[in-house]
Colleague: 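My structure is below; once you've seen it, I'll send some questions.
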There are 2 protein chains.
Amino acid sequence: MTSQSRQKKILDLLETNGEVSTTRLVTELSASDMTIRRDLNHMAAQGLILRTHGGAMKVDLLVHKQKFENKAAANLAAKDIICQLAAEQIREGDTIFMDCGSTVFRLCHFIRNKRIKVITNSLPVVVELSNTVVSLNIIGGEFDHDRQAVHGVMAKEHILRYRASIAFLGVDGVSAKGLFANTELEASITLAFAARARTTYLLCDASKIDREAYFKFADLSLIQNLITDRNGPHLASIRKKGINVITPEAK
Amino acid sequence: MTSQSRQKKILDLLETNGEVSTTRLVTELSASDMTIRRDLNHMAAQGLILRTHGGAMKVDLLVHKQKFENKAAANLAAKDIICQLAAEQIREGDTIFMDCGSTVFRLCHFIRNKRIKVITNSLPVVVELSNTVVSLNIIGGEFDHDRQAVHGVMAKEHILRYRASIAFLGVDGVSAKGLFANTELEASITLAFAARARTTYLLCDASKIDREAYFKFADLSLIQNLITDRNGPHLASIRKKGINVITPEAK
DNA sequence: ACATATTCGAACAAAATCGAACATTCTATT
DNA sequence: AATAGAATGTTCGATTTTGTTCGAATATGT
């Protein structure tokens, strides 16, 4: 066995186990401890592995966690309830649009192991799903640092070339009068998603209900379903408009 | 037995076993060790196999499989030298293309505070620059988990709609014969970048020089400049082709 | 804190592999 | 058959890799 193939096997073992001991490598690769140690040190010098006492570890993922996740921590319980319900709407093989926004982002945790295709303009979503079985399609265009997402003309054009079974949308406010956003950029993307999806789900915690933000960009009829965390009378006017409202209680 | 049939058998053995030792080839092919070694070296020069001490390995075993994170950490010093030089080529207000690949990725550290626009298909680059003053344009399309970058038809179309002053390119191998890549996907993106940039810089550590990988996708004339970490006679043939070679020593 | 057990790396020794140079064999052509 | 040119084999010193020993450094258990 050559040193290269040994080192490759060490990498493989690390990939599956996360860490390995020198002694295990000695028996597994039938080489002397000194040889293993030399291999390990060599690879560590190249940054391929993380050397530890008695063995080695996998180097930590390069992609570090986003500040975004802090924002996402707000109302986590409510978002989890919503996303749990949202995830149940997805079937294997589906292609889904994922809007930007912290509520939709939380959906990532519930779909990591689904064999689906996700089309999104949200960087946090991409990062979160980049090492999963989920097949990803990234919407291209100008990157908006504030919103950590891609917006603009190119993005819209990109979306219009695809079709999806479901769109999971986020907004800044919703009432019987329609959907509200804080920027036109986000609004135009949301509209594009809705136009190209067979079914649309608006994910929205209670705080957004009946809130009328900066400007209205669409009628309520743009969406077919609203998923939110609490049932109650505040949803009556929306239900009356023919929207299918999904809540945990109503399940 | 001709050398061709021998080399074919070597490839077959590698295909099934992943690796093979010189001694085994000596008995298996009933040829002298020197002959085997000559075959091996010849094939390695063509990039057909990966030469090791005492034998050879399949190419994609080591090159293909290596995860991006690992590659990023390897040869960090060389990459830093290269990227330092690369960053000096950039002027405020420039629009630059950044290819995927670990060497180009390292350039992020040196441009965080420049007021420039970056157009890229590499997720690590996006993440790294997502909270800087750099203006980002993300190339959209199918996301390739292995390479942590966007490839495919959409990506190519996207690129062709923009123009940039500089393209920073990465390859898997370069020699006087041209540029080499391990996958067609990466190659087509690199070509698109080059086509739409006023000036092209190939960033390439010494290990990639004179390495002829899986397949050649462009002549050397595709690029105008090569930035590498060490000066030396191995660059002569490339210089002779009219490429401006930039090294720290020549500075 | 102390003792015990592991692990580490430097130094040296042994083995395998390497490539240059030269000798030999094979092959195609005259 | 003669001969040039290419491929192959052989020899041998240089290089690389691997193994061993042993004192120092580092973890672990009491």
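Below, read A as the first sequence line, B as the second, and so on, with proteins coming before strands; counting in each chain starts at 1.
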Colleague: Please lay out, stage by stage, how B:Asn17 and B:Glu19 fare under the test side-chain contact (heavy atoms from CB on, under 4.5 Å).
Modeller: CA-CA 5 Å; B:Asn17 296 19; B:Glu19 61 172 320; 5.5 Å; no
Colleague: Could you tell me whether the side chains of A:Ser21 and A:Thr23 share a donor-acceptor contact shorter than 3.5 Å?
Modeller: yes
Colleague: State whether the side chain of B:Ser237 and the backbone N or O of B:Ala176 hold a donor-acceptor pair below 3.5 Å, judged by distance alone.
Modeller: no
Colleague: Counting any heavy atom closer than 4.0 Å, what does A:Thr52 reach on the DNA or RNA strands: base, sugar-phosphate only, or nothing?
Modeller: sugar-phosphate
Colleague: First contact, last contact: which nucleotides of DNA chain C are these for chain B, 5' to 3', heavy-atom distance under 4.0 Å?
Modeller: C:dT17 to C:dA20
Colleague: Going by atom types only, do B:Asp210 and B:Ser175 share a side-chain donor-acceptor pair under 3.5 Å?
Modeller: no
Colleague: May I ask you to check whether B:Asp99 and B:Thr190 show a side-chain donor-acceptor distance below 3.5 Å?
Modeller: yes
Colleague: Please find the pair of heavy atoms, one from B:Phe217 and one from B:Leu222, that lie closest to each other, and give the distance.
Modeller: CE1-CD2, 4.5 Å
Colleague: Which of these passes side chain to side chain contact (heavy atoms under 4.5 Å, CB included) with B:Asn137: B:Ile159, B:Ile119, B:Thr120, B:Val118?
Modeller: B:Ile119
Colleague: Quick check against the 3.5 Å criterion: does A:Arg51 have a side-chain atom that pairs as donor or acceptor with the backbone of A:Gly55?
Modeller: yes
Colleague: Sequence neighbours left out, what passes ring-ring contact (aromatic ring centres under 6.0 Å, His included) with B:His53? Give chain and number order.
Modeller: none
Colleague: Starting from the first five and the last five pairs of the helix from C:dA1-D:dT30 to C:dT30-D:dA1, work out the angle between the resulting helix axes, to 10 degrees.
Modeller: 40°
Colleague: Does a side-chain N-to-carboxylate-O contact under 4.0 Å join B:Lys9 and B:Asp12?
Modeller: no
Colleague: So, the side chain of A:Lys79 versus the backbone of A:Ser102: is there a donor-acceptor pair under 3.5 Å, distance only?
Modeller: no
Colleague: Provide the closest heavy-atom pair for B:Arg112 versus B:Val133 in the form atom of the first, atom of the second, distance.
Modeller: O-CG2, 3.5 Å
Colleague: Using a cut-off of 4.0 Å between protein heavy atoms and nucleotide atoms, how would you tag nucleotides 21-30 of chain D 5' to 3' with B, S and -?
Modeller: -----SS---
Colleague: Could you tell me the separation between the CG atom of B:Asp39 and the P atom of D:dT8, rounded to a whole number of Å?
Modeller: 7 Å
Colleague: When you measure from the side-chain N and O atoms of A:Thr35 to the phosphate of D:dT18, is any distance below 4.0 Å, counting only OP1 and OP2?
Modeller: no
Colleague: Suppose we screen for ring-ring contact (aromatic ring centres under 6.0 Å, His included). Which residues come up paired with B:Tyr162, at least two apart in sequence or across chains?
Modeller: B:His158
Colleague: In residues 24-31 of chain B, which residues come under 4.0 Å of DNA chain C by heavy atom?
Modeller: none
Colleague: Can you measure B:Arg6 atom CZ to D:dA7 atom P for me and round it to whole angstrom units?
Modeller: 10 Å
